[in-house]
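Take this structure first; my questions come after.
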Amino acid sequence: MPSGPPAEPPEELTSPLAYEGVWRFTAPALEASVPQARHAVRDLLDEQRVPVAADIMDGLLLIVSELVTNAVQHAALLSPQIAVQVTIGANWLRVAVEDNHPYRPKALEAEEGDVGGRGLWLVKTLTAEVGGKCDVEHTVNGGKAIWAELPLTPLATSPPTVR
């Protein structure tokens, strides 16, 4: 039996990848912040050279738009500022939108003629379609953070069964 310290894993397994990290920015709870947040997230992923698949990126940017829109429309009175946090891991990314309003929204399917009301339902649907997850959490300041975590690449789907 060999003696001595246990072997260390290879450095490439313990060092974070160049694009891994956490970024956070704030914006006023105004409609103009919706496209600004979407562009900021896209630019961040481009600058960090995150290998995110195109269809995941499209879904992520729609999720950012929906979450920021919800914060602007429903929380601005109690939260004149919102925060967007992007966390990137080796194979996944998470976007969270935080506001100071204590109400925790529920995902509702809106009626066909309704103009709005589908935002959180859409976020949950887009997230589930790619094998991700999302949730709403209370923050230490009494507000909430709504987050969605997505894989960088779509889950492999099994080929159709031929009979």
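For clarity, every value in this text was computed on a predicted model and none was experimentally measured. Reckoned from all heavy atoms, side chains included, excluding hydrogens, waters and symmetry mates.
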Would you name the heavy atoms of Val34 and Ser65 that are closest together and state the gap between them?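 Smallest heavy-atom distance, with atoms named: CG1-O, 3.8 Å.
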What distance separates Lys124 NZ from Glu129 CD, expressed to the nearest 0.5 Å?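 Interatomic distance, Lys124 NZ to Glu129 CD, rounded to 0.5 Å: 14.0 Å.
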Verify the neighbour count for atom CG of Asp43: are there more than 12 heavy atoms of other residues, nucleotides or ligands below 6.0 Å?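 For Asp43, atom CG is crowded (more than 12 foreign heavy atoms under 6.0 Å).
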Is the side chain of Glu20 donor-acceptor paired with the backbone N or O of Leu17 at a distance under 3.5 Å, no angle test?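 Yes, because the side chain of Glu20 sits within donor-acceptor range (under 3.5 Å) of the backbone of Leu17.
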For residues Lys144 and His101, report the shortest heavy-atom separation together with the two atoms involved.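 Looking at all heavy atoms of both residues, the closest pair is NZ-O, 3.1 Å.
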Report the C-alpha distance between Leu62 and Leu122 in whole Å, list the side-chain angles of each, state the deciding distance to 0.1 Å, and finish with yes or no for side-chain contact (heavy atoms from CB on, under 4.5 Å). CA-CA 9 Å; Leu62 182 53; Leu122 181 60; 4.0 Å; yes
Are the side chain of Ser33 and the backbone of Pro28 linked by a donor-acceptor contact shorter than 3.5 Å?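 Yes.
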Is the shortest side-chain heavy-atom distance between Leu45 and Leu93 below 4.5 Å?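 Heavy-atom side-chain distance check passes, below 4.5 Å.
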Assess whether side-chain contact (heavy atoms from CB on, under 4.5 Å) is satisfied between Leu60 and Val52, documenting all intermediate values. CA-CA 10 Å; Leu60 171 69; Val52 59; 5.7 Å; no
Quick one: does Asp99's side chain get under 4.5 Å of Val72's, heavy atoms only?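 Sidechains of Val72 and Asp99: no contact.
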Locate the shortest heavy-atom distance separating Glu149 from Thr127; write the atom from each residue and the value.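 What the structure gives for the nearest pair is O-CG2, 3.8 Å.
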With a 4.5 Å heavy-atom cut-off, do Pro51 and Thr153 have their side chains touching?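 The answer is no, as the side chains (C-beta and beyond) never meet within the 4.5 Å cut-off.
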Just wondering, more than 12 heavy atoms not from Glu31 lying within 6.0 Å of its CD?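 For Glu31, atom CD is not crowded (no more than 12 foreign heavy atoms under 6.0 Å).
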By the definition side-chain hydrogen bond (donor to acceptor under 3.5 Å, both in side chains), identify the one residue from Arg24, Gln81, Gln85 that meets it with Glu98.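 Testing each of Arg24, Gln81, Gln85 against Glu98, the sole residue satisfying side-chain hydrogen bond (donor to acceptor under 3.5 Å, both in side chains) is Arg24.
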Within the side chain of Ser79, is there an N or O that forms a donor-acceptor pair under 3.5 Å with the backbone of Asn100?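 Side chain of Ser79 to backbone of Asn100: a pair is present.
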Grab the two heavy atoms, one from Arg38 and one from Leu61, that are nearest each other, plus how far apart they are.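 Closest approach of Arg38 to Leu61, heavy atoms only: O-CD2, 3.6 Å.
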Search all heavy atoms of Gly131 against all heavy atoms of Pro151 and return the closest pair with its distance.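 Heavy atoms only, the tightest pair is C-CD, 4.4 Å.
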Compare all side-chain heavy atoms of Val97 with those of Ile146 and state whether any distance is below 4.5 angstrom.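 No; the side chains remain at least 4.5 Å from each other.
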Is it possible for you to say whether Leu120 and Ile82 belong to one hydrophobic cluster, with membership spreading through side-chain heavy-atom contacts below 4.5 Å?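 Both belong to a single hydrophobic cluster.
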How many angstroms lie between atom NE2 of His39 and atom CG of Leu44, to the nearest 0.5 angstrom?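 Rounded to the nearest 0.5 Å, the NE2-CG separation comes out at 14.5 Å.
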State whether the side chain of Tyr19 and the backbone N or O of Asp46 hold a donor-acceptor pair below 3.5 Å, judged by distance alone.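 Answer holds: no.
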Considering non-hydrogen atoms only, spot the tightest contact between Ala96 and Trp147 and give its length.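 That would be CB-CB, 3.7 Å.
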